[in-house]
Engineer: 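First, the structure itself, so that you have it in front of you.
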Amino acid sequence: MPVATRETSDARVIAHLDMDCFYVQVEQRKQPNLRGLPTAVIQYNSYKGGALIAVSYEARKYGVKRSMRGDEAQEVCPQIQLVQVPVARGKADLNTYRNAGSEVVSVLARKGRCERASIDEVYIDLTEAAEAMLKEAPPENLDDIHEEVLKSHVLGFIVEDENDTKKEVRKWLCRSDADYHDKLLACGAIIVADLRMQVLKETEFSCSAGIAHNKMLAKLASAMNKPAQQTIVPRSSVKGLLESFPIKKMKQLGGKLGSSLQSDLGVNTVGELLKFSEEKLQQRYGINTGTWLWNIARGISGEEVEGRLLPKSHGSGKNFPGPQALKTISLVQHWLNRLCEELSERLQSDLDQNKRIARTLTLHARAYKGGDSDSHKNFPSKSCPLRYGTAKIQEDAINLFQAGLREYIGFYNNKSLGSQSNRWGITSLSVAASKMVTIPSGTHSIVKYFGGQLQPSSSLKQTPESVIHEAAPSSPSGGESCLGLNSYESQLGYPEEDTRMKYLRASFGQQVDQSKGDDLTEESSLLSPQAIENGTAEKEPQPSFPVEEPRHIHAVPTLKTVVKKNTAKEKGNCSILKFFKNHHDHCTSVKQHATNGQGSESNYHSDSTINNQVESLKETNHEAIGTDNGESSASHEAGEGRASWSYRMEEIDPSVVDELPPEIQLEVRAWFRPLKRPNVVKRGSIITHYFSTNKD
DNA sequence: ACGGCTTATACT
DNA sequence: TAGTATAAG
């Protein structure tokens, strides 16, 4: 969601890379004979030929669109090649695409801080690389510029002679009298073209890119010329670009917020937003969204490229539309088991590949309910601590479902009224694992980590395990986690090497209450046996119905004061640092120390993935502490992993800014403004609406 | 109550 | 915090 941001520095170089019809490309790589043919990827071709989820550019020429069914696609393009998404356990399996996405990221991550924005999109901060190039090999000195760079589109740059586009682009890129900002972008474009070629060479995937001074503009630009092209957004073109840009096409404004802008404020282009004061926007949309809107109207977006190569959560889900809705517990259990199997498998790979564990399991479902006035109510999501092992996950998931179902069906559901509200059906089920924590790799054994709550020798003040124990003193079986260890070991027969597993399992091995079924709801007792007779249920253990919901072992409220420290983000590459050249050196060295060397080229060679793992490991460790002592959030918000100054912003007297040169005062002041402010203005509340009839 | 399946994030 | 809602691709 939109966050209030400010422009920390407009001299950044940010690129957004967007794979072209990614799923199609993945399939074409697997089946090269499909290359160049109109192709689409579909899932579940049973109903109307399946749903299209990706369409090649050849096929788009025929009017084939995503959100068509396979049948429709064949009508408009009879030669179309339809490739099915792999199916595993009766559901679509997207793993091949996820892995392909990772390939791309690992190529890009060599050149700068990367943020995996989705399965096929990446942001990369090229500020440092561009600055370095400008210093050492500026475009104006280059006599050989690659074709791919010359094919760049430069927004707002009028090409005089269509036949000589490349020559003119070359001139734009190499102007010695160019703005500093434009020079940086030119370097960015050269680097990006190179990266795209690298990606193509190493993965066989083509992509498009946008190069701009911030994420928002880069993202916008990458979509402007597809496929396999790149677009530069010079600062001077921003105003003209946004002026007529449809508000609904802005990221984050494609939904209700964008619609509200149109219907409530009559704003249809980004430019029309300029008419409204920041206060007005805040009154209507809240303090954070208001500022955010005010900013994007001006092409400002201070969001950082996050430096995250791995997903923050894993999920597995499936819809059961219309007639397929699940109407028995047994069926639900069957599908939950399948989903949990997939989830468990993916958690296992994540653990093996990235040394991360997930701490929370969440169940989501959608349901309909016959009759009563509450039938519009949503099925509640439920979560609990995640215990590793497929069977455990399955067990917890079904319990979460039961808890949700009871809540969903409602209490008044006694015998007389039962028959009506008995008619429920599940139209969607999913399980997700979140709160990923990186565990230390290499020399530090997991034992020291998880078993070391008595040893302050570790840099951590509190271990994850102690967090759990402390937080769940009331768990009747929580103490068994250590005993559970042996059974886990034998049960899953882990290879001797992986001692960490048993500790992980121990850590997450709390038993969930398993009281027996006197608490069966009318529905459950009615439906389950039925399903068994139907043979719809596989030979899977029938669930026991808990009296209580699975225990939540998260921190019980304590007296600790949660002090939110809104430390401004520090930056290592902004103009003030150039202003104080001597400070710059200091700053950079601190930064490299703090981040394991994001900064210098020499730190990057072959195993950048390791570097990044270490980096994210640090983050998550901080998080582990933070959840318990509420303190490390400060470092988190300060943009850890980035430049770190040796003092805290909040300790500086803001009045010192007045003594700085005027040209940098604005920027420095921004540092003192908190990134996010508590939202006091109630959105759409009657009272604010009443009093907000002022100015504008 | 069909586009299906994932992921992320803000708000409360 | 857990749970809900919104958004995107």
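All values derive from a computational prediction rather than experimental measurement.
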Engineer: Does A:Lys382 have a side-chain nitrogen or oxygen under 4.0 Å from the phosphate oxygens OP1 or OP2 of C:dT1?
Structural biologist: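 No, A:Lys382 has no side-chain N/O under 4.0 Å of OP1/OP2 on C:dT1.
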
Engineer: In whole angstrom, give me the gap between the P atoms of C:dT1 and B:dC5.
Structural biologist: 31 Å

Engineer: Identify which nucleotide among B:dG4, C:dG9, B:dT6 has an atom closest to any side-chain atom of A:Asp120, counting heavy atoms from C-beta outward.
Structural biologist: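 Shortest atom-to-atom distance from the side chain points to C:dG9.
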
Engineer: How long is the line joining CG of A:Leu339 and P of B:dT7, in whole Å?
Structural biologist: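 Interatomic distance, CG of A:Leu339 to P of B:dT7: 12 Å.
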
Engineer: Which whole-number value in Å describes the distance from A:Leu94 CG to C:dG9 P?
Structural biologist: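 My rounded result for the distance is 17 Å.
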
Engineer: Base, sugar-phosphate or nothing for A:Ile119? Non-hydrogen atoms, less than 4.0 Å.
Structural biologist: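 It contacts nothing in the nucleic acid.
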
Engineer: Is there a side-chain contact between A:Lys91 and the phosphate of B:dT6, meaning an N or O under 4.0 Å from OP1 or OP2?
Structural biologist: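 The answer is yes; a side-chain N or O of A:Lys91 sits under 4.0 Å from OP1 or OP2.
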
Engineer: Closer than 4.0 Å, any side-chain N/O of A:Arg66 to the OP1 or OP2 of B:dG4?
Structural biologist: no

Engineer: Rounded to whole Å, how long is the line connecting atom CD of A:Glu342 with atom P of B:dT6?
Structural biologist: 6 Å

Engineer: Going by atom types alone, do A:Ser208 and A:Asn225 pair a side-chain donor with an acceptor below 3.5 Å?
Structural biologist: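 No, because no side-chain N or O of A:Ser208 sits under 3.5 Å from a partner of the opposite role on A:Asn225.
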
Engineer: Would A:Trp335 and A:Phe320 count as a close aromatic pair, with their ring centres under 6.0 Å?
Structural biologist: yes

Engineer: Taking only the side-chain heavy atoms of A:Ala51 (C-beta and beyond), determine which of B:dC2, B:dG4, B:dC11 contains the nearest atom.
Structural biologist: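 Selected nucleotide: B:dG4.
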
Engineer: When the distance from OH of A:Tyr23 to C1' of B:dC5 is rounded to whole Å, what number comes out?
Structural biologist: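 Those two atoms, OH and C1', are 8 Å apart.
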
Engineer: If you look at every strand shown and take non-hydrogen atoms under 4.0 Å, does A:Ser316 touch a base, only sugar-phosphate, or nothing?
Structural biologist: sugar-phosphate

Engineer: Kindly assign one of parallel, tilted or perpendicular to the pair A:Tyr97 and A:Tyr23, based on the angle between their ring planes and the thresholds 30° and 60°.
Structural biologist: parallel

Engineer: Students often get this wrong, so: under 4.0 angstrom with heavy atoms, is A:Met250 touching a base, only sugar-phosphate, or nothing?
Structural biologist: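 Contact class for A:Met250: sugar-phosphate only.
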
Engineer: Does the side chain of A:Thr39 pick up a donor-acceptor pair with the side chain of A:Ser56 at under 3.5 Å?
Structural biologist: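 Judged by distance alone, the side chains do not pair up.
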
Engineer: What's the CG-P distance between A:Leu400 and C:dG3, to the nearest Å?
Structural biologist: 9 Å

Engineer: Side chain of A:Lys318: nearest nucleotide among C:dG9, B:dT9, B:dC5?
Structural biologist: B:dC5

Engineer: Starting at NZ of A:Lys215 and ending at P of C:dA8, how long is that distance when rounded to a whole Å?
Structural biologist: 15 Å

Engineer: OP1 or OP2 of B:dA10 less than 4.0 angstrom from a side-chain nitrogen or oxygen of A:Thr289, does that happen here?
Structural biologist: no

Engineer: Taking the side chain as C-beta and beyond, is there a heavy-atom pair between A:Val26 and A:Val41 under 4.5 Å?
Structural biologist: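 They are not in side-chain contact.
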
Engineer: Please pick, from B:dC2, C:dT4, B:dG3, the nucleotide with the shortest atom-to-atom distance to any side-chain atom of A:Pro321.
Structural biologist: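 Closest nucleotide among those given: B:dC2.
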
Engineer: Taking the side chain of A:Gln43 as heavy atoms from C-beta outward, which of C:dG9, C:dG3, B:dG4 is closest to it?
Structural biologist: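 Of the candidates, B:dG4 comes closest.
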
Engineer: Determine: side-chain N/O of A:Arg346 to OP1/OP2 of B:dC5, distance under 4.0 Å, yes or no.
Structural biologist: no

Engineer: Counting only side-chain nitrogens and oxygens, does A:Ser430 get under 4.0 Å of the OP1 or OP2 atom of B:dT6?
Structural biologist: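 False: A:Ser430 side-chain N/O out of range (4.0 Å or more) of B:dT6 OP1/OP2.
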
Engineer: Have a look at A:Lys377 and say if it touches a base, only the backbone sugar-phosphate, or nothing, with a 4.0 Å heavy-atom cut-off.
Structural biologist: nothing

Engineer: Between A:Lys256 and C:dT6, does any side-chain N or O lie under 4.0 Å from OP1 or OP2?
Structural biologist: yes

Engineer: Would you mind telling me which residue lines up with the more 5' stretch of DNA chain B, A:Ala117 or A:Tyr47, judged by nearest nucleotide?
Structural biologist: A:Tyr47

Engineer: Using OP1 and OP2 only, check whether a side-chain N or O of A:Arg98 sits under 4.0 Å from B:dT7.
Structural biologist: yes

Engineer: Say you pick atom P in C:dT6 and the same atom in B:dA1; how far apart are they, in whole Å?
Structural biologist: 15 Å

Engineer: Quick one: is B:dC5 close enough that its OP1 or OP2 comes under 4.0 Å of any side-chain N or O from A:Tyr44?
Structural biologist: yes

Engineer: Any donor and acceptor pair, going by atom type alone, linking the side chain of A:Lys248 with main-chain N or O of A:Gly255 inside 3.5 Å?
Structural biologist: yes

Engineer: Determine the Euclidean distance between corresponding P atoms of C:dT4 and B:dG3; express it in Å to zero decimal places.
Structural biologist: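 Result for the P pair: 23 Å, nearest Å.
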
Engineer: On DNA chain B, does the nearest nucleotide to A:Arg69 precede the nearest nucleotide to A:Gly317 from the 5' side, or the other way round? Give the residue.
Structural biologist: A:Arg69

Engineer: Would one find a side-chain N or O of A:Asn319 under 4.0 angstrom from OP1 or OP2 of B:dC5?
Structural biologist: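 Checking B:dC5 against A:Asn319, a side-chain N or O does come within under 4.0 Å of OP1 or OP2.
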
Engineer: If I take atom NZ in residue A:Lys312 and atom C1' in nucleotide C:dA8, what distance separates them, rounded to the nearest angstrom?
Structural biologist: 15 Å

Engineer: Given salt bridge (charged side-chain N to carboxylate O under 4.0 Å, His left out), test A:Lys392 with A:Glu395 step by step and report yes or no.
Structural biologist: CA-CA 5 Å; A:Lys392 302 276 179 207; A:Glu395 180 187 333; 5.0 Å; no

Engineer: Determine whether the side chains of A:Tyr62 and A:Glu75 contain a donor N or O and an acceptor N or O closer than 3.5 Å.
Structural biologist: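 Absent: no donor and acceptor within the cut-off.
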
Engineer: Rounding to a whole Å, what distance do you find between A:Lys435:NZ and C:dG3:P?
Structural biologist: 9 Å

Engineer: With a cut-off of less than 4.0 Å, is there a side-chain N or O of A:Thr427 near OP1 or OP2 of B:dA1?
Structural biologist: no

Engineer: Does A:Asn378 place a side-chain N or O at less than 4.0 Å from the phosphate oxygens OP1/OP2 of C:dA5?
Structural biologist: yes

